[in-house]
Protein chains: 2
Amino acid sequence: MTLQSDLSANPTSEEVAASLRRAILAHRVGPGSKLVEDEVGDVFGVGRTIVRTALQSLSHEGLVTIIRNRGAFVADPGIREAREVFEARALLEPRTSRSAAQRVTAAGIEGLRAHIAAEHRALESGDLGQAVYLSGLFHTAIADMADQSTIAGMISTLVSRSSLVVALYWRRPQALCESHAHHALTDAIAAGDGDKAEDLMKGHLLDLLANLDLRERSVIGGSLRDAILAG
Amino acid sequence: MTLQSDLSANPTSEEVAASLRRAILAHRVGPGSKLVEDEVGDVFGVGRTIVRTALQSLSHEGLVTIIRNRGAFVADPGIREAREVFEARALLEPRTSRSAAQRVTAAGIEGLRAHIAAEHRALESGDLGQAVYLSGLFHTAIADMADQSTIAGMISTLVSRSSLVVALYWRRPQALCESHAHHALTDAIAAGDGDKAEDLMKGHLLDLLANLDLRERSVIGGSLRDAILAG
DNA sequence: GACAATTGAATTGTATACAATTTCAGCTCA
DNA sequence: TGAGCTGAAATTGTATACAATTCAATTGTC
């Protein structure tokens, strides 16, 4: 099994973190999975120092939980945290969508539509994890359009954490982020209609929250190596 | 010169980070200052490994900027970033103040008043940096009362970064966070008046922003060792 | 069989050695 | 003078050795 092309010969900690991030966001490693330093280091051909830095990075994003002397685990948000993440998004994203609509560019809209298309393709090909990942990218792309990098960074982190929440609590794997909502949002932004964009985003987030089953949970297992290398 | 009492014999990276954080937030090390790993390690009696972890932690909080092969520097936010930080706070804090008012407890109010008193004392004793630090703790304390740890964490980070912004762009060092605003906020929260708390916080943040001079900048120098050990 | 104690393997925490890179003082030359 | 060069010193990046801790399997006891 060979390494992926997006990994350079001597990866930096940020490259390792990015690769692990994708694996987590696409649900190729499930919440709670142990991330052993040596094991990860072998996958990327680096020492523990770099892996350690990457894991610390991901822990600051809330994607990984580090317990002293016990190691790093893919974060396993509880029901409380799941709610909190969406409440935080509800404070940030609607107004940010409004800003995005006010600063809309042709390139921005093109990007949003490309994200929707990619997500659609992933869903059709049955790659559910990838679809969740791409659905998150759509939200992040909107935040980036608002030209507020601080807020965009926070939203990006929250969207990432939402991916874990979805892995654990999503009700109906078939009907993910109904791309209808994403289409409508894109249209409102393209039209420069800030009011509508804000409303649509608010509704969309409520919709997502409503589709979470905040009682039970699912589990995902498998080989760490395969999971990281597959994407 | 001896080490401080709040530092254990073998500090963890989090303890080192906390100590550095206080030094930065109290303006004992100015924006742009270089933080040399060996130098910091000598101050705390630890190797570079722990210092490195601490610095990475602070860099994720936006208090330190790490440039590859060049090292770590106290963050030096530009005008753009200064605005963004306050715009983000404007999205989060007013509604969080409302939540705090709705869940108010006697202990919470007591804590807020203690923060105000401490800030007042620091101002009277002329320790401006300490006053800025304590003023930030007041805002963080409100966020904690709202019982939303995710949002509270984001606010805490933004408040920290605001301290750097204040160090660089504050107009009138004498009239800091006029504790009048903090008193009024505390009263509204104590009364459980969510509407008023939200409004007051919104106004308070606008007031802070208005007191920034987003054109010029000041510089602070001195010995790193003294700065860290002084507080 | 269930449970606690024991002990060796696996894993993480830290310092440190060495390599790679940057910094800077001293030098040269226009 | 000042711009560019040079090499030594300072600093950071990475792997690794060793210590400390946790984990897991085995044994022994009830």
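So you know, we letter chains A, B, ... as the sequences are listed, proteins then strands, and number each from 1. If you're wondering where the values come from, they're calculated on a predicted model, not measured in any experiment.
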- Message: Is there a side-chain contact between A:K34 and the phosphate of C:dA10, meaning an N or O under 4.0 Å from OP1 or OP2?
- Response: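 So the side-chain polar atoms of A:K34 never come under 4.0 Å of the phosphate oxygens OP1 or OP2 of C:dA10.
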Return the value, rounded to whole Å, for the distance between atom [atom1] of [X] and atom [atom2] of [N].
X: A:I66; N: C:dT12; atom1: CD1; atom2: C1'; result: 11 Å
X: B:D42; N: C:dT16; atom1: CG; atom2: P; result: 11 Å
X: B:N10; N: D:dT21; atom1: CG; atom2: P; result: 11 Å
X: B:E14; N: C:dT14; atom1: CD; atom2: C1'; result: 16 Å
X: A:L35; N: C:dA10; atom1: CG; atom2: C1'; result: 16 Å
X: A:F44; N: D:dT14; atom1: CZ; atom2: P; result: 15 Å
X: A:N69; N: C:dT14; atom1: CG; atom2: C1'; result: 11 Å
X: B:E39; N: D:dA9; atom1: CD; atom2: P; result: 19 Å

- Message: Any base atoms under 4.0 Å from B:R68, or only sugar-phosphate, or nothing? Heavy atoms, all strands.
- Response: sugar-phosphate
Between [X] and [Y], does at least one N-O distance fall below 4.0 Å, as a salt bridge requires?
X: A:R161; Y: A:E61; value: no
X: A:D42; Y: A:R48; value: no
X: B:R80; Y: B:E84; value: yes

- Task: For A:R48 and for A:R70, locate the closest nucleotide of DNA chain D by heavy-atom distance; then report the residue assigned to the nucleotide nearer the 5' terminus.
- Result: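 The residue closer to the strand's 5' end, by nearest nucleotide, is A:R48.
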- 5′-ward residue of the pair B:E37/A:I50 relative to DNA chain D: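 Final value for this comparison: B:E37.
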- Task: Using modelled atom types only, decide if a donor and an acceptor are shared between the side chain of B:K34 and the backbone of B:R70 within a distance under 3.5 Å.
- Result: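 Yes, the answer is positive, given that a donor and an acceptor are paired below the 3.5 Å cut-off.
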